[in-house]
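The structure presented is a predicted model; accordingly, all values stated were derived computationally and were not measured. Numbers restart at 1 for each chain; the letters A, B, ... are given by sequence-line order, proteins then strands.
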Amino acid sequence: MRASRFFIHTAKEAPAEAELVSHRLMLRAGFVRKAAAGIYSWLPCGWRVARKIAEIVREEMDAAGCAEIFMPAVQPAELWRESGRWSVYGAELLRFSDRHGREFCMGPTHEEIVSDILRAAVSGHRQLPVNLYQIQTKFRDEIRPRFGVMRSREFIMKDAYSFDICEKGMRESYETMRRAYCRIFDRVGLKYRMVAADSGAIGGDTSHEFVVLADSGEEEILYDKNGNYAANAEHVPCAANDNGGDGNSRPEPREEMKKIQTPGITTIAALHEFLGGKTPPARSIKTMIARGSNGACALLLAGDRSLNIAKAARQPEIGAGAELASAEEARELIGAGFGSLGPVNMQLPVVADYSLQKSADMVCGANEDGYHYVGVNFGRDCPMPRFADLRAAQSGDAVPGGEGKLSSCRGIEVGHIFQLGDKYSKAMNVCAEMPEGGARPVLMGCYGIGVTRIVAAAIEQAHDERGMIFPDAIAPFAAVVIPIAPKKSGEETRAAAEKTYGELRAAGIDVLLDDRELRPGVMFAEADLLGIPHRIVISPRGLQNNEAEYKHRAADSPENIPAKTAAETITKKIRSNLAAGAGGQISRACQTS
RNA sequence: CGGGGUAUAGCGCAGCUUGGUAGCGCGCCUGCUUCGGGAGCAGGAGGUCGUGAGUUCAAAUCUCGCUACCCCGACCA
């Protein structure tokens, strides 16, 4: 591609609205242009990156035995009513009507449509298994779109759906996808981890997330440095024998329970200070009121720990749809506000986190505004609560089922694979005649990759003050040839640049020739901003010694190489980089559970 | 959805307090010079000041409504 005929519009300044690095750089580099909140046009440079990612995904999905289809972005309400999701999905589903008043939505995902396709086409087990995928625009009406294409409302996603007749088959399909995903992210060239996303109601590996490592990521990952464990922090179980804090130190009560006046004290930190620092937050009882389908319940945690609401939902006292009660509800149920609650004389059922199991002489609210109890002990001053795993795991907790402590890092979710079982096939009657006779719902899996989000994640992961730094496989161009050729005396330089450019093209390298005859500084700045990994500069000065200058985007300084064989040299580098990503050997990032 | 903020040329901003018919930088166009890290000089194009109403002789500026966008919050008692 010749820069003179391409569409490169960069800016020195980014619009004020962008605060995330990737968003700023994408706007400065002219990757995208916003059309509305969370809705973007993809301009040529950005689109090249997105396309390259999509193409890698496509190749690996095809190689894994999936068949590409293309489903409608606009979907009829009737299918969503059939699956039950029309009423469940909420405001994130963008709904509208056509001229006849028929209801539709913009697809946030495609289980309904693909199920409808399957039930029409498949009737017997001999036609399965099948795995269909598409690369499509999705729409989710996010409450608050932000970070550019990282959390946009309209985005491009690869979604695949597998259909099997038995659980073993579903697991095999899942495993095939897991491996394909590892190959995809290896090839894309990013640092990532596959992490457990659900410890499993069904048991086993039912869901994995693929997370690109970046400090600005919204997901927290907890992992074992020895590589035996990695999971989304939200899904890390805390074991019964891991009590955290200083909870192991005082098994026997030493103090009598006393009620003390604590005017205006409603936080653990304020209480700690009020008590003169004597009772650490770990021995303060944090009492929260949660309710779900089964009722309301008081949850107790060590004061230095946080609740994981999903874990609360697993308690029989609470049940599905668990939410924390509002301050008004708490007052109605208990008669005291937040910060003054506690297990002593608590009318609601009580469940305590393991973090309190070995604590004695604790502090808690007195269920009366302005009062706390000190010297509280379970079993003596209030009934011994049932202990359960309620808290959010954090760095320093024990590795589940293993040795040592968890470490923490941040990442961006770019892929997620699930075993769905018969949830949709049952609701939508996707059945197949089984080998043993009789029709049964088929078992599904679904597998997503955020194509456009990967663009932002890649930039988030690798950039410097001058701009983006792309891996070879997804850079807008793998290489750029820059002639430094003054209008009057640059004939020879231009010719040499053309020659190198031609040779690179002939070798199949995706190369940009910057033939715009701009000042060198401008061309360098743009090449750096765009993150083009390999740069060859041809100058009159170099040509006198038969040399070209080569610099990798991430390198500190350039090196001189023979001009004659410059194209060959770069071709070799790029080919070896691409081969390393597609090496067949799945990277270590994928070997954690 | 609650709170806060912003809206002036393609982008970044000033002007608004104290009303008088719009300006700066980047970018764009023309010319000359320059040519290894976002050039210099000279000339030029480009704006219904988000939108609707109101106040006024006069509104970017004051008042009210609307819309869009951004930020914070919407689980830690």
Side-chain angles (χ1 to χ4, degrees), chain A residues 8-20 23-24 27-30 33-39 90-91 143-148 234 262 265-271 281 284-291 298-313 322-331 333-334 336-342 353 355 363-367 369 372 390-392 394 465-467 482-490 493 514 516-530 535 537-542 549 551 557-558:
Chain A
I8 299 177
H9 288 159
T10 66
K12 279 194 229 175
E13 291 171 299
E17 74 213 38
E19 95 265 34
L20 201 63
H23 190 196
R24 291 182 64 82
L27 291 171
R28 276 191 57 206
R33 178 177 165 78
K34 186 170 74 178
I39 300 177
I143 296 178
R144 191 177 158 205
R146 56 185 139 176
F147 307 144
E234 289 176 22
T262 52
I265 304 291
T266 59
T267 65
I268 298 287
L271 185 62
S284 300
I285 300 175
K286 184 189 283 190
T287 307
M288 285 174 267
I289 309 300
R291 55 179 163 64
L299 301 173
L300 312 182
L301 281 92
D304 59 345
R305 301 304 302 241
S306 298
L307 175 70
N308 179 330
I309 193 78
K311 291 179 177 178
E323 278 184 342
L324 291 180
S326 69
E328 295 75 44
E329 287 171 297
R331 191 166 291 283
L333 289 163
I334 312 296
F338 289 165
S340 301
L341 307 179
D353 182 65
S355 57
V363 184
C364 68
N367 295 329
D369 287 336
H372 281 77
L390 295 175
R391 71 183 191 263
Q394 63 187 36
E465 61 289 343
R466 297 198 308 271
I482 299 179
I484 296 183
K487 284 190 180 74
K488 285 178 185 160
S489 58
T493 310
D514 201 337
R516 294 175 297 176
E517 303 190 1
L518 298 173
R519 298 167 52 79
V522 177
M523 295 192 282
F524 292 154
E526 288 203 332
D528 286 347
L529 178 59
L530 294 173
R535 185 183 84 185
V537 177
I538 312 270
S539 67
R541 200 174 67 196
E549 177 192 292
K551 182 179 170 302
S557 50

*Distance from Lys311(A) atom NZ to Asp353(A) atom CG, nearest 0.5 Å?*
7.5 Å
*asked:* Rounded to the nearest 0.5 Å, what separates atom OG1 in Thr493(A) from atom CD1 in Ile482(A)?
replied: 13.5 Å
Looking only at atom types and distance, does a side-chain atom of [X] sit under 3.5 Å from a main-chain N or O of [Y], one as donor and one as acceptor?
X: Asn308(A); Y: Glu234(A); value: yes
X: Arg466(A); Y: Ala525(A); value: no
X: Arg391(A); Y: Leu307(A); value: no

Pairwise [atom1] distance for [N] and [M], with rounding to whole Å:
N: rG50(B); M: rG10(B); atom1: P; value: 13 Å
N: rU21(B); M: rC26(B); atom1: P; value: 26 Å
N: rG2(B); M: rU63(B); atom1: P; value: 23 Å
N: rG52(B); M: rU67(B); atom1: P; value: 15 Å
N: rU55(B); M: rG73(B); atom1: P; value: 43 Å
N: rG44(B); M: rG3(B); atom1: C1'; value: 47 Å
N: rG19(B); M: rA59(B); atom1: C1'; value: 6 Å
N: rC71(B); M: rC29(B); atom1: P; value: 33 Å

Given atom [atom1] of [X] and atom [atom2] of [N], what is their separation to the nearest angstrom?
X: Leu518(A); N: rG36(B); atom1: CG; atom2: C1'; value: 14 Å
X: Met523(A); N: rU34(B); atom1: CE; atom2: P; value: 17 Å
X: Leu324(A); N: rC75(B); atom1: CG; atom2: C1'; value: 4 Å
X: Glu517(A); N: rA39(B); atom1: CD; atom2: C1'; value: 17 Å
X: Ile143(A); N: rC71(B); atom1: CD1; atom2: P; value: 14 Å
X: Arg516(A); N: rC35(B); atom1: CZ; atom2: P; value: 20 Å
X: Glu549(A); N: rG37(B); atom1: CD; atom2: P; value: 11 Å
X: Leu390(A); N: rC75(B); atom1: CG; atom2: P; value: 18 Å

_Taking the nucleotide of RNA chain B with the nearest heavy atom to each, does Phe147(A) or Ala392(A) sit closer to the 5' end?_
Phe147(A)
*Select from Gly38(A) and Asn308(A) the residue whose nearest nucleotide in RNA chain B is closer to the 5' end of that strand.*
Gly38(A)
Please tabulate the protein-to-nucleotide N/O contacts below 3.5 Å involving nucleotides 40-46 of chain B, giving atom names and distances.
none

Just name whichever nucleotide pairs with [N], Watson-Crick or G-U, keeping both distances under 3.5 Å, else none.
N: rA39(B); result: rU33(B)
N: rU6(B); result: rA68(B)
N: rU61(B); result: none
N: rA45(B); result: none
N: rG73(B); result: rC1(B)
N: rG12(B); result: rC24(B)

Base, sugar-phosphate alone, or nothing: which one does [X] contact when heavy atoms must sit under 4.0 Å apart?
X: Leu27(A); result: nothing
X: Ser539(A); result: base
X: Ala35(A); result: nothing
X: Ala11(A); result: base
X: Glu526(A); result: base
X: Arg331(A); result: nothing
X: Ile309(A); result: nothing

With the side chain of [X] defined as its heavy atoms from C-beta on, choose the nearest nucleotide among [options].
X: Lys34(A); options: rC69(B), rG36(B), rG38(B); answer: rC69(B)
X: Arg535(A); options: rG37(B), rC76(B), rU34(B); answer: rG37(B)
X: Ser306(A); options: rC76(B), rU34(B), rC70(B); answer: rC76(B)
X: Arg541(A); options: rG36(B), rC11(B), rC35(B); answer: rG36(B)
X: Phe524(A); options: rC69(B), rG36(B), rC76(B); answer: rG36(B)

*Stepwise side chain to side chain contact (heavy atoms under 4.5 Å, CB included) check, Thr287(A) with Ile334(A)*: CA-CA 12 Å; Thr287(A) 307; Ile334(A) 312 296; over 6 Å; no
Shortest non-hydrogen contact from [X] toward [Y]:
X: Ile285(A); Y: Cys364(A); value: CB-CB, 3.9 Å
X: Ile268(A); Y: Ser284(A); value: CD1-CB, 3.9 Å
X: Pro483(A); Y: Met523(A); value: O-CE, 3.5 Å
X: Ile289(A); Y: Ala330(A); value: CG1-CB, 4.3 Å

*asked:* Using the rule given for side chain to side chain contact (heavy atoms under 4.5 Å, CB included), can you reason through His9(A) versus Arg33(A), listing the C-alpha separation, both sets of side-chain angles and the distance that settles it, and then say yes or no?
replied: CA-CA 11 Å; His9(A) 288 159; Arg33(A) 178 177 165 78; over 6 Å; no
*Report yes if some heavy atom in the side chain of Arg331(A) is under 4.5 Å from a heavy atom in the side chain of Asp369(A); otherwise report no.*
yes
What's touching nucleotides 23-33 of chain B from the protein side, N or O pairs under 3.5 Å?
from, atom 1, to, atom 2, distance (Å)
rG25(B), N2, Glu13(A), OE1, 3.3

*Is NZ or CZ of Arg535(A) both nearer than 6.0 Å to the six-membered ring centre of Phe524(A) and within 45° of the ring axis?*
yes
